[in-house]
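Reviewing the structure listed below.
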Number of protein chains: 2
Amino acid sequence: MKPMDHEPDNDRHVRPTIADVALRAGVSTGLVSFALNNRPGVNPSTRRRILEIAAEMGWSPDLRARSLRTNRAFALGLVRDTAAAPGDSFFPAFIAGVERDLSPVGQALVLASASAGPSEAETYRKLASERRVDGVILTDLRAADERLALVAALGLAAVTVGEADIDSPFPAVPVDAVAGVVAMVDHLVALGHRSLAHVAGPSVILHERRRRTAFEHACASRGVACRVIDTDSSARGGGEATKALLADPENRPTAITYSNDRMALAGIGVAHRSGLSVPRDLSIAAFDESDIARYVYPSLTSIVTDAEEWGALAARTLLAAIAGIELAEPRLAPARLVARESTAAAPGARPAS
Amino acid sequence: MKPMDHEPDNDRHVRPTIADVALRAGVSTGLVSFALNNRPGVNPSTRRRILEIAAEMGWSPDLRARSLRTNRAFALGLVRDTAAAPGDSFFPAFIAGVERDLSPVGQALVLASASAGPSEAETYRKLASERRVDGVILTDLRAADERLALVAALGLAAVTVGEADIDSPFPAVPVDAVAGVVAMVDHLVALGHRSLAHVAGPSVILHERRRRTAFEHACASRGVACRVIDTDSSARGGGEATKALLADPENRPTAITYSNDRMALAGIGVAHRSGLSVPRDLSIAAFDESDIARYVYPSLTSIVTDAEEWGALAARTLLAAIAGIELAEPRLAPARLVARESTAAAPGARPAS
DNA sequence: TTGTAGGCGTTATCAC
DNA sequence: GTGATAACGCCTACAA
């Protein structure tokens with residue numbers, strides 16, 4: 001035996017290549033490639049024969065070779081800051097949506113973490129320099145997000161989940177943040193609430209900021225008081241914000257909205273421990289619910305967005321961008337209010353007319 | 001502009017290849033490769049010069065070429081059934097752990113979904129035939145899991161998260177399921193509970209089955225009654241199981257353990273709606289908590305496992321297996337009981353001696 | 001319609 | 001110790 005390990009005729013576990021198919025079909029590799037890729041210029045009968053033989057031999061494309069040759073990775077990347085949002089219920093659903101649209105078209109999702117180890121920028125840089133992905137999905141966009149310039153400089157395609165606040169070379173998949181907030185404020189005002197509060201996530205995050213602004217505007221235009229507290233989006237943060245809001249019995253809101261449901265649940269916990277009953281003494285509402293919102297007690301009034309659909313739309317938009325197609329401005333169904341048990345008439349309020 | 005985008009000589013953004021480096025250094029590409037990979041047989045001064053020039057030119061390895069040549073993907077795969085466990089709090093943490101150990105060694109995580117579109121087997125098959133990954137992490141192992149044979153037949157490496165119940169060619173990263181359950185049952189028995197119940201996930205899932213068995217054994221050996229109800233692991237399922245358990249006031253458990261925290265939260269909801277107070281009238285406990293368990297009211301007594309560490313250990317074990325190294329049996333710290341507010345003395349029970 | 005040849009960037013082989 | 005050169009599997013101008 002030679003030191004070389006080429007014995008394609010011997011080893012039964014060698015994957016057939018297009019050369020093997022070509023040999024068997026008595027044609028050239030080029031023709032096989034054309035036939036396999038559904039390209040014009042191949043005699044229909046020849047094509048059929050080639051496809052048959054390829055199937056029979058169990059040929060399947062080797063992505064590595066194809067990648068090298070075509071300079072594409074056939075994969076998209078998603079970098080998450082895992083430390084920033086533990087227990088986040090939005091992400092898993094979002095990712096499921098992304099995958100749903102990727103796998104049928106032979107694309108894969110490469111997940112990378114930014115929090116641990118190398119910095120976020122380094123993670124994107126590596127993804128690009130190794131050419132592991134063709135594009136990235138940018139989530140949790142920040143104010144003046146430096147990732148836009150970075151990713152563009154790296155030559156990656158991208159899609160932003162939500163609209164950027166600066167010039168962006170990338171398509172965006174926005175969702176109407178205002179409608180839901182307005183519906184929520186109207187809902188609470190109709191219940192007689194005149195002093196509201198919003199427990200927000202970090203305000204560098206654009207969608208957090210937008211919710212906050214929408215909340216403040218809606219309150220102002222309805223002439224109701226509103227307080228906003230920033231948190232780190234964690235359950236703990238939500239609890240602490242609630243404590244702060246309830247600290248002064250003389251001057252506390254009668255309804256609190258939270259930027260996610262785990263903060264809201266923590267808020268309910270704090271309220272209970274303060275001797276307040278939800279929703280009798282205090283109304284509670286949330287954004288971005290997971291399925292538990294429906295089943296806890298009291299069930300959570302929420303502004304819900306279809307996270308999975310959002311992910312799917314983002315994936316589709318990015319794939320189109322990579323293919324050089326510009327999709328008609330993709331727009332997600334606006335977030336909608338789902339009223340449940342955690343919101344009720346404000347204490348001492350007469351029912352709205 | 002032509003529709004083609006190939007203009008490598010024109011584009012100023014061409015990445016330097018080792019050929020470029022070799023040219024500049026006045027050596028051959030082979031030598032550059034050796035130098036860059038820290039392999040013996042290169043004159044130290046030559047090596048230094050090559051490294052300098054490579055850095056200066058901004059060379060970085062192209063994974064595609066390396067993959068093609070070395071027949072490795074430098075990536076691991078994880079196939080999840082997204083539909084099966086929406087809102088699962090275990091997975092995100094687990095994945096974060098996987099990534100934590102992967103990125104520092106230049107490996108990536110490819111996530112694929114099985115629920116939507118192609119079948120689970122098809123997903124693994126594709127991952128292998130495209131050669132996208134070197135190995136897969138098998139989670140939520142099922143009884144007589146057919147994935148073991150499939151993945152082995154596909155020539156993929158793998159690691160199982162938890163021990164298989166059949167012969168497995170793959171290393172496993174088990175966790176002691178029994179200790180936590182025993183601690184939980186003892187905790188409840190000490191509180192005076194004599195009639196327990198367990199709301200389990202699908203019993204095809206091995207860890208669900210093991211918990212169930214451990215629960216039944218522990219109850220039997222303590223001489224306390226136990227009822228088990230199977231669910232689909234969803235919050236809804238947890239709620240319905242609770243309804244069933246509480247249906248007959250004459251004969252209902254005084255404590256219920258749930259296989260995950262969202263079922264437990266739903267259970268608390270059902271209890272409240274049935275006019276029962278937790279933990280006064282009914283004690284509630286959970287497994288696999290997310291961070292909200294600490295902050296809800298009442299806070300949840302839980303059996304907690306370090307999901308992130310589990311993911312990291314699984315990744316490490318699989319990487320070792322791929323490298324041909326067999327790690328000393330990796331073992332995770334056993335799950336431990338964290339008693340909180342949701343469990344208390346059984347109604348009418350005298351405090352344990 | 002089909003065949004040929006060259007190259008994508010890297011690593012492995014084998015002479016020098 | 002060093003340097004050509006041939007693969008890896010596929011795609012694609014270009015020639016026939």
Side-chain angles (χ1 to χ4, degrees), chain A residues 1-8 11 14-23 25-50 54 57-74 106 129-132, chain B residues 2-9 11 13-50 54 57-74 106 129-132:
Chain A
M1 279 293 152
K2 304 266 197 60
M4 304 273 296
D5 56 0
H6 295 300
E7 37 199 341
D11 190 338
V14 169
R15 304 161 50 96
T17 72
I18 55 170
D20 299 326
V21 176
L23 199 66
V27 297
S28 72
T29 61
L31 205 58
V32 172
S33 177
F34 267 57
L36 256 17
N37 292 321
N38 293 323
R39 297 171 58 127
V42 183
N43 186 306
S45 76
T46 313
R47 155 167 295 146
R48 199 151 12 104
R49 198 161 50 84
I50 292 176
M57 296 179 75
W59 178 88
S60 69
D62 184 324
L63 214 64
R64 296 166 182 172
R66 190 176 276 181
S67 267
L68 180 59
R69 178 63 235 232
T70 62
N71 199 28
R72 284 179 299 165
F74 302 99
S129 84
E130 292 183 333
R131 327 205 73 160
R132 244 190 227 279
Chain B
K2 306 268 198 55
M4 303 273 298
D5 55 0
H6 293 303
E7 34 199 344
D9 298 329
D11 193 337
H13 270 306
V14 272
R15 310 158 48 96
T17 72
I18 56 169
D20 299 327
V21 176
L23 199 66
R24 185 96 155 256
V27 297
S28 71
T29 61
L31 206 57
V32 172
S33 177
F34 267 56
L36 256 16
N37 292 322
N38 292 322
R39 297 168 59 132
V42 183
N43 186 305
S45 75
T46 312
R47 155 167 296 148
R48 199 150 15 100
R49 198 160 50 86
I50 291 176
M57 297 179 73
W59 176 88
S60 70
D62 184 323
L63 213 65
R64 296 166 184 173
R66 213 203 289 261
S67 268
L68 179 59
R69 183 62 236 223
T70 64
N71 199 30
R72 283 179 299 164
F74 302 99
S129 83
E130 292 183 333
R131 326 206 73 166
R132 246 191 226 279

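In what follows, chains are A, B, ... by sequence order, proteins preceding strands, each numbered from 1. On a predicted model such as this, the values are computed, not experimentally measured, just so you know.
- Nearest heavy-atom pair, A/Ser33 versus A/Ile18, reported as atom, atom and distance to 0.1 Å: CB-CD1, 4.4 Å.
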Pairwise N/O distances under 3.5 Å, protein to nucleotides 4-7 of chain C:
unit_1: C/dG6; atom_1: N2; unit_2: A/Arg69; atom_2: NH1; d: 2.6
unit_1: C/dG7; atom_1: N2; unit_2: A/Arg69; atom_2: NH1; d: 3.0

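- Nearest heavy atom pair, residue A/Gly106 against residue B/Arg132, reads O-NH2, 2.8 Å.
- Identified under the salt bridge (charged side-chain N to carboxylate O under 4.0 Å, His left out) test for residues 27-47 of chain A, with sequence neighbours left out: none.
- For the pair B/Ala19 and B/Thr29, the tightest heavy-atom approach, listed with the atom from each and the gap, is CA-CG2, 3.6 Å.
- Minimum heavy-atom separation, A/Ala35 to A/Val42: N-CG2, 4.1 Å.
- Each of C/dG9, C/dT10, D/dG3 was ranked by its minimum atom distance to the side chain of B/Val27; first place goes to D/dG3.
- When the nearest nucleotides of DNA chain C are assigned to A/Val42 and B/Thr70 by heavy-atom distance, the more 5′-ward of the two goes with A/Val42.
- Contact check, A/Arg66 against D/dC11: a side-chain N or O comes under 4.0 Å of OP1 or OP2.
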Using atom types as modelled, flag every donor-acceptor pair under 3.5 Å from a side chain in residues 66-73 of chain B to any protein atom, sequence neighbours excluded.
unit_1: B/Arg66; atom_1: NH1; unit_2: B/Asn37; atom_2: OD1; d: 3.4
unit_1: B/Ser67; atom_1: OG; unit_2: B/Leu63; atom_2: O; d: 3.2
unit_1: B/Ser67; atom_1: OG; unit_2: B/Arg72; atom_2: O; d: 2.6
unit_1: B/Thr70; atom_1: OG1; unit_2: B/Arg66; atom_2: O; d: 2.7
unit_1: B/Asn71; atom_1: OD1; unit_2: A/Arg64; atom_2: NH1; d: 2.8
unit_1: B/Asn71; atom_1: OD1; unit_2: B/Arg131; atom_2: NH1; d: 3.3
unit_1: B/Asn71; atom_1: OD1; unit_2: B/Arg131; atom_2: NH2; d: 3.4

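- Taking the nucleotide of DNA chain D with the nearest heavy atom to each of B/Gly26 and A/Leu63, the more 5' of the two is matched to B/Gly26.
- Not counting sequence neighbours, the partners of B/Arg24 by the salt bridge (Lys or Arg N to Asp or Glu O under 4.0 Å) test are B/Glu56.
- The listed nucleotides are C/dT10, D/dC10, D/dT12; the one nearest the side chain of A/Ser33 is D/dT12.
- What separates CZ of A/Phe74 from P of D/dG9 is a distance of 17 Å, to the nearest Å.
- Residue-level contact check: B/Asn71 touches neither bases nor backbone, having no heavy atom under 4.0 Å from any strand.
- Among C/dT2, D/dG3, C/dT10, the nucleotide with an atom closest to any side-chain atom of A/Asn43 is C/dT2.
- One atom, CG of B/Leu36, and another, C1' of C/dT11, lie 12 Å apart when rounded to the nearest Å.
- Between A/Met57 atom CE and D/dG9 atom C1' the separation is 14 Å, expressed in whole Å.
- Applying the side chain to side chain contact (heavy atoms under 4.5 Å, CB included) rule to A/Ala54 yields the partners A/Val21, A/Leu36, A/Trp59; only residues at least two apart in sequence or on another chain are considered.
- In the helix from C/dT1-D/dA16 to C/dC16-D/dG1, the end axes, each obtained as the rotation axis mapping the C1' atoms of four pairs onto the next four within a five-pair block, lie 50° apart to the nearest 10 degrees.
- Nearest approach of B/Thr46 to B/Leu31, heavy atoms of both residues: CG2-CD2, 4.0 Å.
- In this entry the distance linking CD1 of A/Ile18 with C1' of D/dC8 reads 12 Å, nearest Å.
- Spacing between atom CD of A/Glu130 and atom C1' of C/dT10 amounts to 14 Å, rounded to whole angstrom units.
- At whole-Å resolution of the value, CZ in A/Arg47 and P in C/dT1 are 9 Å apart.
- Residue A/Ser60 is classed as a sugar-phosphate contact, given heavy-atom separations below 4.0 Å to backbone atoms only.
- Listed nucleotides: C/dT10, D/dC10, C/dT2. Nearest to the side chain of B/Asp62: C/dT10.
- One finds a side-chain N or O of A/Arg39 lying less than 4.0 angstrom from the OP1 or OP2 phosphate oxygen of D/dT12.
- The interatomic distance linking A/Asn38 (CG) with D/dC11 (P) rounds to 12 Å, in whole Å.
- The side chain to side chain contact (heavy atoms under 4.5 Å, CB included) check on B/Ser129 picks up A/Ser60, with sequence neighbours excluded.
- Within 4.0 Å of A/Ser67, counting heavy atoms only, lies no atom of the nucleic acid at all.
- Atom CZ of B/Arg72 and atom P of D/dC8 are 17 Å apart (whole Å).
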Tabulated below should be each protein N or O lying under 3.5 Å from an N or O of nucleotides 14-16 of chain D; please produce it.
none

